[in-house]
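Structure record follows, encoded as structure tokens.
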Amino acid sequence: DESLFVYDCSSAEKQPLGEKGQDGKGTDKGSDDILAFAFSPSGDYFALTDNNKRLILFRTKPSWECVSVRFVNRRCTSLVITAAEDKIFVADKSGDVYSYSITEPQADGKLELGHVSLLLDVALSPDDRYILTADRDEKIRVSLTKAPYSIVSYCMGHREFVSKILVIPNCPDLLLSASGDSTLRLWEYKSGEEVHCCQLSTICGSQATKPEQ
């Protein structure tokens, strides 16, 4: 079926203004702007989160359909779906990462780990063994996915916020990171060792700006 699938976020369920979320705090009214989204590795699932603190899960095969609409505690900055396609990991502005089940699409989220600074990106190794998180305070943390309190390493070297991280699909032991310090860095992330640093400012000029506070 090659017909176009359209989903209007403004028509999705909204959490009543003032209703308390999972953290016991009241909610505030947001917009329908999409803040983060991701496909699962196979493309069978698609998830997005918006400014109304909704996490919306879609199944794409045999045809697109909305599976669930759940509410997150705080506005999110990034999300990723596991290779096993059983969980969604969501990073938020408070520095926390929650997991949400795909196999139980109505289940609440589970707190997995936290930073003291705003999280800007989250990634997984291709085998789902490691979860990697990047924050506004120059740090990249590598943890065990099944035991996120167990920190494997830190990738330290950036001098500004880390805006994006990517485990290279064909080189699963290597991580690429981009930062407000105008560098692109390559890491052996399990040891935290920096392999190479590319100064992007020498290529395209320094245009990095601080992320939204």
Side-chain angles (χ1 to χ4, degrees), residues 5-61 64-115 117-124 128 131-136 140-141 143 145 148 161-167 178 211-213:
F5 173 80
V6 178
Y7 185 88
D8 185 358
C9 285
S10 66
S11 65
E13 177 187 359
K14 290 183 173 64
Q15 196 163 8
L17 187 63
E19 182 174 318
K20 293 184 178 180
Q22 295 176 43
D23 58 0
K25 297 181 179 179
T27 61
D28 57 334
K29 188 176 181 180
S31 69
D32 299 311
D33 295 344
I34 296 172
L35 302 180
F37 62 88
F39 278 96
S40 66
S42 73
D44 287 354
Y45 292 96
F46 177 77
L48 67 84
T49 181
D50 68 5
N51 202 42
N52 259 311
K53 301 182 183 177
R54 291 175 296 197
L55 175 64
I56 306 177
L57 174 65
F58 299 89
R59 185 181 292 111
T60 67
K61 299 176 182 178
W64 279 74
E65 63 173 319
C66 180
V67 176
S68 67
V69 178
R70 285 174 281 190
F71 295 95
V72 297
N73 289 332
R74 297 173 182 84
R75 290 181 176 87
C76 301
T77 55
S78 179
L79 63 86
V80 65
I81 299 175
T82 59
E85 302 191 345
D86 59 347
K87 291 181 181 179
I88 308 166
F89 286 93
V90 179
D92 66 30
K93 290 188 174 184
S94 68
D96 293 330
V97 173
Y98 284 81
S99 66
Y100 290 83
S101 174
I102 290 178
T103 55
E104 299 179 49
Q106 304 301 329
D108 289 338
K110 175 186 176 184
L111 179 63
E112 298 287 355
L113 62 88
H115 284 226
S117 178
L118 182 153
L119 284 175
L120 296 177
D121 203 11
V122 59
L124 291 165
D128 287 339
I131 182 168
L132 302 92
T133 44
D135 69 25
R136 189 176 56 187
I140 302 170
R141 183 195 295 180
S143 309
T145 305
F161 59 92
V162 181
S163 56
K164 193 68 179 176
I165 53 176
L166 171 70
V167 178
E212 181 184 352
Q213 301 294 318

Looking only at non-hydrogen atoms, find the nearest pair between Leu132 and Val167 and report the distance. CD1-CG2, 3.8 Å

Tell me whether Ser78 contacts the main-chain N or O of Ala91 through its side chain, where contact means a donor paired with an acceptor under 3.5 Å. no

Got a second to check how far Lys53's NZ is from Asp92's CG, nearest 0.5 Å? 9.5 Å

First locate atom OG1 of Thr49, then atom CG of Leu57, and finally report the distance between them rounded to the nearest 0.5 Å. 12.0 Å

Under the side chain to side chain contact (heavy atoms under 4.5 Å, CB included) criterion, do Ile131 and Glu112 qualify, and how do the steps go? CA-CA 10 Å; Ile131 182 168; Glu112 298 287 355; 5.8 Å; no

Heavy-atom donor-acceptor pair, Ser163 side chain to Ala178 backbone, under 3.5 Å: yes

Nearest 0.5 Å please: distance from the CD1 atom of Ile56 over to the CZ atom of Phe37. 13.5 Å

If you round to the nearest 0.5 Å, how far is CD1 of Ile165 from CD1 of Ile140? 6.0 Å

So, Asp135 side chain and His115 main chain: donor-acceptor pair closer than 3.5 Å or not? no

Parallel, tilted or perpendicular: which one describes the rings of Tyr7 and Phe58, with boundaries at 30° and 60°? perpendicular

Distance-only, no hydrogens or angles: does the Asn52 side chain make a donor-acceptor pair with backbone N or O of Arg54 under 3.5 Å? no

Exceeds 12 heavy-atom contacts within 6.0 angstrom, atom NZ of Lys61: yes

Run the numbers on Ile88 and Tyr45 for side chain to side chain contact (heavy atoms under 4.5 Å, CB included), then give the verdict. CA-CA 10 Å; Ile88 308 166; Tyr45 292 96; over 6 Å; no

Please find the pair of heavy atoms, one from Pro41 and one from Ala83, that lie closest to each other, and give the distance. CG-CA, 3.7 Å

So, for Leu124 and Thr145, which heavy atoms are closest and what is the spacing to 0.1 Å? CD2-OG1, 3.9 Å

Keeping Thr82 on the side-chain end and Asp128 on the backbone end, is there a donor-acceptor pair under 3.5 Å? no

Spacing of Leu55 atom CG and Arg70 atom CZ [to the nearest 0.5 Å]: 5.5 Å

Hey, what's the ring geometry for Tyr100 with Tyr98, parallel, tilted or perpendicular (30° and 60° as the breaks)? tilted

Would you find a donor on one side and an acceptor on the other, under 3.5 Å apart, between the side chain of Asp33 and the backbone of Asn51? no

Report, as yes or no, whether the 6.0 Å neighbourhood of atom CD on Gln106 holds more than 12 heavy atoms from other residues, nucleotides or ligands. yes

d(Thr77 OG1, Leu119 CG) to nearest 0.5 Å is 6.0 Å

Counting N and O atoms only, with roles assigned by atom type, does the side chain of Arg136 sit under 3.5 Å from a partner on the main chain of Leu120, one being a donor and the other an acceptor? no

Nearest heavy-atom contact between Cys76 and Val72 is SG-CG2, 3.8 Å

Mark yes or no for whether Thr60, through its side chain, and Asp44, through its backbone, hold a donor-acceptor pair below 3.5 Å. yes

